[in-house]
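Letters A, B, ... are given to chains in the order of the sequence lines, protein chains preceding strands, and every chain is numbered from 1.
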Amino acid sequence: AQSVAQPEDQVNVAEGNPLTVKCTYSVSGNPYLFWYVQYPNRGLQFLLKYITGDNLVKGSYGFEAEFNKSQTSFHLKKPSALVSDSALYFCAVSDSMDTGRRALTFGSGTRLQVQP
Amino acid sequence: DSGVTQTPKHLITATGQRVTLRCSPRSGDLSVYWYQQSLDQGLQFLIQYYNGEERAKGNILERFSAQQFPDLHSELNLSSLELGDSALYFCASSVQKASTDTQYFGPGTRLTVL
């Protein structure tokens, strides 16, 4: 079965500093990895995904994520944080081997707080 | 705006009642997914439909059911409601049915069971 772990409930960073939100995964086959962001009282917004190819994936709003197969990780990064980046971030995975299930398995979420 | 619409935004009802949540996918998307978000369970996949047919089931209770209509909108029916069913229910849609497809989420329906 596929699973995702987001080890930090909250990440605090000062505006202008780089940020990292951590994600590790477990799948049987090849992982398809996604990052979503949720603002208060809003739905989830897609940021980026990794399917295959270059390990560094660039997404919306200046975010990027690095796929590391040996560490089974897919950490979300941004070179310079903005106060408006403060939100709840979810990592999700689907599994190439799990042909009966097309849905995403989500991590528990990490709250990012960017201080001015 | 993802292009996925959900109605109603909020729903307050009593235990034992039945409610229907509605979702319209993005134009052109054939797959619809339903997820439940609660404080204790996090985001959980409930069920997926593709072009009118059920494709996958997750942690969906027997009291819950869904369908996708010929115009591709979907409804999630929740019956014999319990306090623990209070949650945010999201619908998502994707173009096809592949695991690589990006799912786009609607704004959600917040269900409160009193």
Side-chain angles (χ1 to χ4, degrees), chain A residues 1-7 9 23 25 27-53 57-60 63 65 67 74 87-111, chain B residues 1-7 9-10 21 23-26 29-51 53-60 66 68 88-110:
Chain A
Q2 59 204 48
S3 65
V4 176
Q6 293 183 243
D9 288 337
C23 171
Y25 65 89
V27 296
S28 301
N30 292 320
Y32 304 132
L33 295 153
F34 300 78
W35 275 102
Y36 286 84
V37 59
Q38 185 179 23
Y39 295 97
N41 301 314
R42 302 279 292 277
L44 279 73
Q45 292 180 34
F46 169 71
L47 283 178
L48 51 80
K49 69 180 179 183
Y50 171 83
I51 304 301
T52 187
V57 179
K58 292 190 185 297
S60 308
F63 285 93
F67 171 66
F74 189 56
L88 191 55
Y89 290 80
F90 289 96
C91 181
V93 68
S94 61
D95 187 348
S96 68
M97 289 292 288
D98 198 349
T99 56
R101 172 191 166 98
R102 298 288 187 269
L104 297 171
T105 296
F106 283 87
S108 55
T110 298
R111 186 163 300 282
Chain B
D1 184 1
S2 67
V4 179
T5 60
Q6 289 186 249
T7 57
K9 281 193 172 63
H10 302 277
L21 314 184
C23 167
S24 292
R26 295 187 320 155
D29 283 1
L30 297 178
S31 270
V32 169
Y33 309 78
W34 287 97
Y35 291 86
Q36 178 195 59
Q37 184 179 33
S38 61
L39 283 175
D40 54 345
Q41 304 265 19
L43 259 167
Q44 294 218 335
F45 166 65
L46 295 178
I47 197 164
Q48 179 205 2
Y49 278 82
Y50 172 74
N51 204 21
E53 292 190 6
E54 182 185 303
R55 287 289 300 178
K57 263 186 174 178
N59 300 322
I60 189 165
Q68 187 180 28
L88 198 47
Y89 290 85
F90 286 111
C91 166
S93 72
S94 67
V95 173
Q96 290 287 334
K97 54 186 175 181
S99 301
T100 54
D101 289 346
T102 298
Q103 294 179 30
Y104 294 92
F105 282 73
T109 293
R110 183 169 295 281

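The minimum heavy-atom distance between B:Thr102 and A:Tyr36, with the atom names listed, is CG2-OH, 4.2 Å. The two residues B:Phe90 and A:Arg42 have their closest heavy-atom pair at CZ-O, 4.0 Å. Between A:Lys49 and B:Thr100, the closest heavy-atom pair is NZ-O, 2.8 Å.
Of the atoms belonging to B:Leu88, it is side-chain heavy atoms, and not backbone ones, that fall under 4.5 Å from chain A. B:Gln6 does not touch chain A: none of its heavy atoms, backbone or side chain, sits under 4.5 Å away. For A:Leu44, the parts lying under 4.5 angstrom from a heavy atom of chain B are both the backbone and the side chain.
One distance of note links CZ of A:Phe34 with CD of B:Gln103; it measures 7.0 Å at 0.5 Å rounding. Note that OG1 of A:Thr105 and CD of B:Gln44 are 9.5 Å apart. Values are rounded to the nearest 0.5 Å.
Here A:Lys58 pairs with A:Glu64 under the salt bridge (Lys or Arg N to Asp or Glu O under 4.0 Å) rule; sequence neighbours left out. Under the side chain to side chain contact (heavy atoms under 4.5 Å, CB included) criterion, B:Ser24 pairs with B:Thr5, B:Arg22, B:His73, sequence neighbours left out.
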**Message:** Before you tell me yes or no, could you show the steps for A:Gln38 and B:Leu43 under side chain to side chain contact (heavy atoms under 4.5 Å, CB included), namely the whole-Å CA-CA distance, both residues' side-chain angles and the distance that decides it to 0.1 Å?
**Reply:** CA-CA 12 Å; A:Gln38 185 179 23; B:Leu43 259 167; 5.6 Å; no

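When the shell of 6.0 Å around CZ of B:Arg26 is examined, it contains more than 12 heavy atoms from other residues, nucleotides or ligands.
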